[in-house]
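Below, all heavy atoms of this structure are taken into account, side chains as well, without hydrogens, waters or symmetry copies. Starting from 1, each residue takes its place in the sequence as its number.
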Amino acid sequence: MKRMVTFFALFLALALVGGCAQGSDIGAGQAKELALADAGLTAGEVEALSAERTSQNGKDCYQVVFTVGGQCHQYQIDAHGGAILDVKLGQASAGQPATEGGTALITPDEAKAKALAHAGLTDSQVTVKKNKLDREKGRQVYEVEFYTADGQEYEYEIDAVTGQVVSTDYEGGPAAPTAGSGAVTADQAKAMVLERVPGATAQDFREFETDQDYNRTVYEGELVYGGVEYEFEINAQTGALENWKEEPVHH
């Protein structure tokens, strides 16, 4: 009798644990809400909103799919924790161009061309690491990353509607000292920065300092002009621009 009571208690405990595990499922409704919140949208702004329970890499999840102006978005949401496992934005429905609020988006090739033109490079001079449509601060952008044979790396965000450069980040590869040039002065370094930002003057520097980085001297700082913030790092020995980043000023 005692053994039967013990067995029944164990069975009841397992049943309760199983019930709790099943009860932890967030449900299709919450999965939809999480996906829409991440995309910066509401249910009233989308079409064909659906959530299907499935499995991804052995993990229970909801596949949330919705359309905005013919543009398809897909989310994979963890069915228990609510974490976003995967996102695929901006996939055009069959026969329709990708859009944002009814406005056609530029293509990935057009986004890459905008980034290359800004960098002053051609397609044959670079290797592309990434060219992906994403949503950043409520708008869609292409994240374009590429590098050159000598180790220069570029990262761009291109507005998917207008094609404008939203931000760029540059890291220079190893550079040998220029023969006979000697060290670069602070004034020469500032002149290099101003040359890259037409119209800016010395008064537009927000920060400028000399620093030691990995046993080498560099000039680094910030310049703000025309609503854009520029961050830079220049090798004081070679004059090589080793880091350059520009993005709109956030008020």
Exercise: identify the closest heavy-atom pair between [X] and [Y]:
X: Met192; Y: Gly239; value: CE-O, 3.0 Å
X: Asp204; Y: Tyr225; value: OD2-CD1, 3.5 Å
X: Arg135; Y: Asp38; value: CD-O, 4.4 Å
X: Ile234; Y: Val193; value: CD1-CG2, 3.8 Å
X: Leu223; Y: Ala200; value: CD2-CB, 4.1 Å
X: Phe146; Y: Val128; value: CB-CA, 3.9 Å

Carboxylate-amine/guanidinium proximity below 4.0 Å for [X] and [Y]:
X: Glu143; Y: Lys132; value: no
X: Lys112; Y: Glu145; value: no
X: Lys114; Y: Glu157; value: no
X: Lys245; Y: Glu231; value: no
X: Glu229; Y: Arg206; value: yes

Given side chain to side chain donor-acceptor pair (under 3.5 Å), test Asp109 with Thr107 step by step and report yes or no.
-> CA-CA 5 Å; Asp109 284 343; Thr107 66; 5.4 Å; no
Please answer whether the main-chain N or O of [Y] pairs with a side-chain N or O of [X] as donor and acceptor at a distance below 3.5 Å.
X: Gln125; Y: Thr122; value: yes
X: Asn131; Y: Pro108; value: yes
X: Tyr219; Y: Ala189; value: no

Among the clusters formed by ILVMFWY side chains lying less than 4.5 Å apart, do [X] and [Y] turn up in the same one?
X: Val166; Y: Ile158; result: no
X: Val65; Y: Leu85; result: no
X: Leu133; Y: Val144; result: yes
X: Trp244; Y: Tyr147; result: no
X: Leu121; Y: Val165; result: yes

Is any side-chain heavy atom of [X] less than 4.5 Å from a side-chain heavy atom of [Y]?
X: Glu247; Y: Val228; result: no
X: Ile26; Y: Ile77; result: yes
X: Val64; Y: Leu49; result: yes
X: Gln76; Y: Thr54; result: yes

Return the [atom1] to [atom2] distance between [X] and [Y], rounded to the nearest 0.5 Å.
X: Asp86; Y: Gln63; atom1: CG; atom2: CD; value: 9.5 Å
X: Ser24; Y: Asp60; atom1: OG; atom2: CG; value: 9.0 Å
X: Asp78; Y: Lys59; atom1: CG; atom2: NZ; value: 5.0 Å
X: Asp25; Y: Gln30; atom1: CG; atom2: CD; value: 9.5 Å

Is it true that the side chains of [X] and [Y] contain a donor and an acceptor less than 3.5 Å apart?
X: Tyr170; Y: Gln152; value: yes
X: Gln237; Y: Asn235; value: no
X: Gln212; Y: Thr217; value: yes
X: Thr185; Y: Asp187; value: no

CD/Glu207: more than 12 non-hydrogen atoms of other groups inside 6.0 Å |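 More than 12 heavy atoms, drawn from other residues, nucleotides or ligands, come within 6.0 Å of this atom.
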Residues, nucleotides or ligands: over 12 heavy atoms within 6.0 Å of Glu209 CD | yes
For Tyr154 and Thr148, what are the C-alpha separation, side-chain angles and deciding distance, and is it a side chain to side chain contact (heavy atoms under 4.5 Å, CB included)?
-> CA-CA 9 Å; Tyr154 298 80; Thr148 62; 4.1 Å; yes
Has Lys32 got its NZ or CZ under 6.0 Å from the middle of the six-membered ring of Phe66, at an angle within 45 degrees of the ring axis?
->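 Negative - Lys32 is either too far from the ring of Phe66 or too far off its axis.
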Kindly indicate, with the supporting measurements, whether the criterion side chain to side chain contact (heavy atoms under 4.5 Å, CB included) is fulfilled by Leu34 and Tyr62.
-> CA-CA 11 Å; Leu34 290 169; Tyr62 283 94; over 6 Å; no
Output, in order, the C-alpha distance, side-chain angles, deciding distance and verdict of side chain to side chain contact (heavy atoms under 4.5 Å, CB included) for Leu116 and Asp123.
-> CA-CA 7 Å; Leu116 289 173; Asp123 198 18; 4.2 Å; yes
In terms of ring plane angle, is the pair Phe208 and Phe205 parallel, tilted or perpendicular, where the classes change at 30° and 60°?
-> perpendicular
Check the angle between the aromatic planes of Tyr156 and His118 and answer parallel, tilted or perpendicular using the 30° and 60° thresholds.
-> perpendicular
Yes or no on side chain to side chain contact (heavy atoms under 4.5 Å, CB included) for Val224 and Tyr230, after CA distance, side-chain angles and deciding distance?
-> CA-CA 6 Å; Val224 177; Tyr230 303 87; over 6 Å; no
